[in-house]
Amino acid sequence: YVDANNFSGTSFSPGAIVWAETQAFLLKYPKDFQAVLDSNSMPIHTADPENDRPAYVVEARHGALVGITLSALVRGIGERNVVTGPLKRQRMWEIHPLDKFLACAKKEWDDWKKMLGDQGYRDLPDYPYSEEVVKTYLEKEIEDYKSKGR
């Protein structure tokens, strides 16, 4: 099950870093988890028999909520996420350089455009993002981070 409401990237590894570090932290400092237990704030995931989904199959939204809750209630995890947040962005662009990323995105756009054209749709738009446009967006993102003291 994929919840595409908020994709923050296309790489698996940045999330895996956070998952591994969270588990390592809780194994090293199990008493820090007491605040989570005391708060009774941890989201609970149950089975969904109507969709034949057992409780151990967790949706992305639920996993994100668990991560946010742990970051808020366990100080060490929250502090570590300050480091891994920027790392995710850095790794994304190291693994997926802008020119290659845009080439893949354009190819997928063009494939969809062809498929829709073959079904009779007309006046389909060309891929709208050039490297210059995306660089402008990335510069704005950096400015926004700096203005917020990040």
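How far CG of L26 is from CD of E21: 12.0 Å, rounded to the nearest 0.5 Å. Going from atom CG of L27 over to atom OG1 of T22 covers 11.0 Å, rounded to the nearest 0.5 Å. Here H62 contributes atom NE2 and T46 contributes atom OG1; the two are 9.0 Å apart, rounded to the nearest 0.5 Å.
Residues F101 and W109 fall within the same hydrophobic cluster, defined by Ile, Leu, Val, Met, Phe, Trp and Tyr side chains chained together at heavy-atom separations under 4.5 Å. Both I77 and Y29 are assigned to one and the same hydrophobic cluster, defined by single-linkage of ILVMFWY side chains at heavy-atom distances under 4.5 Å. Linking Ile, Leu, Val, Met, Phe, Trp and Tyr residues whenever their side-chain heavy atoms come within less than 4.5 Å leaves Y137 and I142 in two separate clusters. Linking ILVMFWY side-chain heavy atoms closer than 4.5 Å, directly or via other members, places F25 and V66 in a single hydrophobic cluster.
More than 12 heavy atoms of other shown residues, nucleotides or ligands fall within 6.0 angstrom of atom CG in D99. When the shell of 6.0 Å around CG of D38 is examined, it contains more than 12 heavy atoms from other residues, nucleotides or ligands. Other residues, nucleotides and ligands contribute only 12 or fewer heavy atoms inside 6.0 Å of the CD1 atom of I44. In the displayed structure, Y129 atom OH is contacted under 6.0 Å by at most 12 heavy atoms of other residues, nucleotides or ligands. Few gaps surround CH2 on W93; more than 12 heavy atoms of other groups in view lie less than 6.0 Å from it. The 12-atom threshold is not exceeded at CD of E108, counting heavy atoms of other residues, nucleotides or ligands nearer than 6.0 Å.
S71 places no side-chain N or O within 3.5 Å of a backbone atom of I68 that could act as its donor or acceptor partner. Side-chain N or O atoms of R122 include one that pairs as donor or acceptor with a backbone N or O of G117 at under 3.5 Å.
The shortest non-hydrogen separation linking L73 to S41 is CD1-CB, 4.0 Å. The nearest pair of heavy atoms linking P43 to L65 is CG-CG, 3.7 Å.
Residues L70 and M42 meet the side-chain proximity criterion, which asks for heavy atoms closer than 4.5 Å. Counting heavy atoms from C-beta outward, L102 and Y127 have side chains that approach closer than 4.5 Å.
A salt bridge links D111 and K107; the closest N-O separation between the charged side-chain nitrogens and carboxylate oxygens is under 4.0 Å. Salt-bridge check for E131 with K135: passed, with a basic side-chain N closer than 4.0 Å to an acidic carboxylate O. One finds no salt bridge joining D126 and K106 here, because no Lys/Arg side-chain nitrogen approaches an Asp/Glu carboxylate oxygen to under 4.0 Å. Using a cut-off of 4.0 Å between Lys/Arg side-chain N and Asp/Glu carboxylate O, K114 and D110 are scored as not salt-bridged.
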